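The first residue of the sequence shown is numbered 1, and numbering continues consecutively from there. Here the structure is a predicted model, which means the values were calculated and not measured.
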Amino acid sequence: MTLAAPPEVTGLSLREGRARPGKVARLSYVRPPAPYRVRREHEPETVTTTASHHLSPAFPGRAPWGTASKLRAWQQGALDRYIQNQPRDFLAVATPGAGKTTFALTLASWLLHHHVVQQVTVVAPTEHLKKQWAEAAARIGIRLDPEYSAGPLSKDYHGVAVTYAGVGVRPMLHRNRCEQRKTLVILDEIHHAGDSKSWGEACLEAFDPATRRLALTGTPFRSDTNPIPFVTYEEGNDGIRRSSADYTYGYGNALGDGVVRPVIFLSYSGNMRWRTKAGDEIAARLGEPMTKDAISQAWRTALDPRGDWMPNVLRAADQRLTEVRKGIPDAGGLVIASDQDSARAYAKLIREITGTKPTLVLSDDTGASKNIDTFSANDDRWMVAVRMVSEGVDVPRLAVGVYATTISTPLFFAQAVGRFVRSRRRGETASVFLPTIPYLLGFANEMEVERDHVLDRPKKQGEEDPYAESEKEMDEANRQEDEDTGEDEQMSFEALESDAVFDRVLYDGAEFGMQAHPGSEEEQDYLGIPGLLEPDQVQMLLQKRQSRQIAHSRRRPDSEADLLELPADRRPVVSHKELLELRKSLNTMVGAYVHQSGKPHGVIHTELRRVCGGPPSAEATAGQIRERIKKVQEWATRMR
């Protein structure tokens, strides 16, 4: 027979006692735990929600609805699995906003309580996050030193909170600490350990002797093939090794459980005009098929604060925030900017629009963390930040966002959107404004897709993977300092003018809405969606808004129509490469039908245009080409 807990433990508020030579330091407690029971040998131990019995009712600060006094179901399930298996390494993948910190600290408390470990080391991506971890741990009596740099640790602490960069500088320091005392290492957002070879090697060297290692991430995938330390990779039937998590809790599950908010994406198109380095003036419309370079330049033109696109989108976002605050009085908004100059310019625009100065957070500002904490605690409307708020930073009241950066990696996008999904009460929704860029709309439509880190990525010649963005872009996404990257010199251009057009709403993988001018009734229909709705109510309301918009369009004389009057699902946004692939597919289908029908290519293409409508295939939209592919397949089937 074995005891479920050591008999010398008498309560539940951690205080470290002084250990005698050769003995483990005991933990004394303030109030007694639940009665112990005797369990049989080999009987798996389960931890009920009282595993967090010593957590403060306020843990974590501003806890989402229904979660303050007990663990969420996924946290309980992950804890039960860990306790049953007692692994040395454990990878928990949970969508941003699900409560990874609560799970990790509850487990740390359990391991300390049962003397499995004697100290804790938390490794976080940024300075702000390591301080955030220390503050969260302190609320349950685990004292972590976020300022630790070297030497013996004060007896006032149960461990340290450090950054991956800090470990990279002094790996042997942390290795020695792990060798001297039994240590639990919590690796927060562990995909960052693969950011560089040196960081990965440093983590391996520093924490190889650790007694237990808990890896956490909301986004286990990376754009490169750098192996992530302490992560298990399993080979699939295709011969490709992929990361294997011990417990996964995805966005779809979290949404169904009411743990995270449903996200409404509001996409804005518009006409862009810019001058290239060669002096050529180019005009294009966001959302139209373009080359990768043209998309990048049109995107940067849209985000230029001197044009009309950003002021119109910020004005729309502020109107949306006003509507959301009717149901969530302290709801806040966040603009994620690419660089400091843009951030300052956006802050100025917001002040002109709202009459109130927003909180400005710049990563090289010594008061950046304090500004974030102040904004989190008050009820100000807007914060403008450069990248550093995109991952892990906990500001639960954020409900409206503007994605005003040109970073296009799925990892960064998922982490950025994760800032807005932390639910505090049932029915809260999140709204994110973004430009009509094919990659971004693709990421928005795939919020529920769970991706593992692929270690092997065989690539056919000429094949492009939209998720395999360059390592340079990943470095840009993760960099704290906003230094000059030299990008402007490499792709020099001058933004000349831009305007904004409401394009569509994306929700739960579906698209809604017709194009509308800023300030129009049609745009207000979508900006005015209530901030408190159940997920199925959001879907129903969007369908009603679109039906009303279509009915209004039919009553409008054709002479007054100055925008493409088609619902979003008939205006697919595709990249230049995808459009070329569609045209290739159409030509292949027509070629096969030539042999079947005996008619010339030109005759078949002309007939397709007559039946389906639209211009020649070289000028046709993706939707028109898809209709022609469907029609020629229908003809071929009839002839069989």
Checklist entry - Which value, rounded to the nearest 0.5 Å, describes the distance between R548 atom CZ and D525 atom CG? => result 4.0 Å
Next on the checklist: One pair to check against salt bridge (charged side-chain N to carboxylate O under 4.0 Å, His left out): D257 and R72. What are the steps and the verdict?
Outcome noted: CA-CA 9 Å; D257 293 343; R72 293 166 175 165; over 6 Å; no
Checklist entry - Between F230 and F207, is the ring centre distance below 6.0 Å? => result no
Checklist entry - Under 30°, 30 to 60°, or over 60°: which ring-plane class applies to W74 and F103, parallel, tilted or perpendicular? => result tilted
Item to check | Polar side-chain atom of Q86 near backbone of I83 as donor-acceptor pair, under 3.5 Å | outcome: yes
Item to check | Shortest non-hydrogen separation from A516 to V501 and the atoms involved | outcome: O-CG1, 3.5 Å
Item to check | Over all atoms of both residues, closest heavy-atom pair of A343 and V384 | outcome: O-CG1, 3.5 Å
Next on the checklist: Donor-acceptor check, side chain of R139 to backbone of A134, threshold 3.5 angstrom: yes or no?
Outcome noted: no
Checklist entry - Taking the side chain as C-beta and beyond, is there a heavy-atom pair between K131 and D373 under 4.5 Å? => result no
Item to check | Partner of R381 under side-chain hydrogen bond (donor to acceptor under 3.5 Å, both in side chains), chosen from D330, T322, T359 | outcome: T322
Checklist outcome for this item: Taken to the nearest 0.5 Å, the spacing of F420 CZ from T429 OG1 works out to 13.0 Å
Item to check | Intermediate values then yes/no, side-chain hydrogen bond (donor to acceptor under 3.5 Å, both in side chains), R504 and T436 | outcome: CA-CA 9 Å; R504 68 193 65 211; T436 303; 5.3 Å; no
Item to check | Pair I190-L216, side chain to side chain contact (heavy atoms under 4.5 Å, CB included): steps then yes or no | outcome: CA-CA 6 Å; I190 194 175; L216 306 171; over 6 Å; no
Checklist entry - If you take all heavy atoms of P96 and G418, which pair is closest and at what distance? => result CB-CA, 3.5 Å
Next on the checklist: Treating Y507 as the side-chain partner and P535 as the backbone partner, does any N or O pair qualify as donor plus acceptor under 3.5 Å?
Outcome noted: yes
Checklist entry - Donor-acceptor pair, Q546 side chain versus G513 backbone, under 3.5 Å? => result yes
Item to check | N445 vs E511, side-chain hydrogen bond (donor to acceptor under 3.5 Å, both in side chains): CA-CA, chis, key distance, verdict | outcome: CA-CA 9 Å; N445 276 324; E511 301 183 7; 3.1 Å; yes
Item to check | Atom of I328, atom of G531 and distance for their closest heavy-atom approach | outcome: CD1-O, 4.1 Å
Item to check | Stepwise side-chain hydrogen bond (donor to acceptor under 3.5 Å, both in side chains) test for D246 and Y82 | outcome: CA-CA 9 Å; D246 297 284; Y82 185 97; over 6 Å; no
Checklist entry - Any salt bridge between R325 and D318, counting N to O under 4.0 Å? => result no
Checklist entry - Side chain of W309, backbone of S269: donor and acceptor closer than 3.5 Å? => result yes
Next on the checklist: Quick one: does any side-chain atom of T95 pair with a main-chain N or O of A98 as donor and acceptor, under 3.5 Å?
Outcome noted: no
Checklist entry - Any donor-acceptor pair under 3.5 Å linking the side chain of R320 with the backbone of L527? => result yes
Next on the checklist: I'd like to know if the side chain of S296 and the backbone of K292 have a donor-acceptor N/O pair within less than 3.5 Å.
Outcome noted: no
Checklist outcome for this item: For L129 and A124 the tightest heavy-atom approach is CB-CB, 3.9 Å
Checklist outcome for this item: Between G97 and V421, the two heavy atoms sitting closest are CA-CG2, 4.4 Å
Item to check | Test log, rule side chain to side chain contact (heavy atoms under 4.5 Å, CB included), inputs M514 and I550 | outcome: CA-CA 8 Å; M514 299 171 66; I550 291 173; 3.5 Å; yes
Item to check | Distance, nearest 0.5 Å, that separates CD1 of I264 from CG of L266 | outcome: 7.0 Å
Next on the checklist: Looking at L105, is its backbone amide N or carbonyl O close enough to the side chain of S109 to form a donor-acceptor pair, meaning the two atoms are under 3.5 Å apart?
Outcome noted: no
Checklist entry - Given E522 and F502, is the side chain to side chain contact (heavy atoms under 4.5 Å, CB included) satisfied, shown in steps? => result CA-CA 9 Å; E522 289 81 3; F502 170 79; over 6 Å; no
Item to check | Rounded distance (nearest 0.5 Å) linking atom CG of L144 with atom NZ of K130 | outcome: 11.5 Å
Checklist entry - Do E534 and R426 pass the salt bridge (charged side-chain N to carboxylate O under 4.0 Å, His left out) test, and can you show the C-alpha distance, the side-chain angles, and the key distance before you say yes or no? => result CA-CA 8 Å; E534 292 293 327; R426 195 170 189 92; 3.4 Å; yes
Checklist entry - Does the ring of F375 carry R397 above it, NZ/CZ under 6.0 angstrom from centre and within 45° of its axis? => result yes
Next on the checklist: To the nearest 0.5 Å, what is the distance between OG on S267 and CG on D503?
Outcome noted: 4.5 Å
Checklist entry - Is it true that a side-chain atom of K100 and a backbone atom of T217 form a donor plus acceptor pair closer than 3.5 Å? => result no
Checklist entry - Is it true that R422 and E428 make a salt bridge, defined as a side-chain N closer than 4.0 Å to a carboxylate O? => result no
Next on the checklist: Which label fits F443 and F413: parallel for a plane angle under 30°, tilted from 30 to 60°, or perpendicular past 60°?
Outcome noted: tilted
Next on the checklist: Less than 4.0 angstrom from a charged side-chain N to a carboxylate O is my criterion; do K630 and E627 meet it?
Outcome noted: no
Next on the checklist: Return the CG to OG1 distance between D188 and T126, rounded to the nearest 0.5 Å.
Outcome noted: 9.0 Å
Next on the checklist: Run L255 and N253 through side chain to side chain contact (heavy atoms under 4.5 Å, CB included) and show every step you take.
Outcome noted: CA-CA 5 Å; L255 186 62; N253 292 331; over 6 Å; no
Checklist entry - What do the steps show when you test Y247 against Q75 for side-chain hydrogen bond (donor to acceptor under 3.5 Å, both in side chains), and what is the final call? => result CA-CA 10 Å; Y247 198 93; Q75 294 165 336; over 6 Å; no
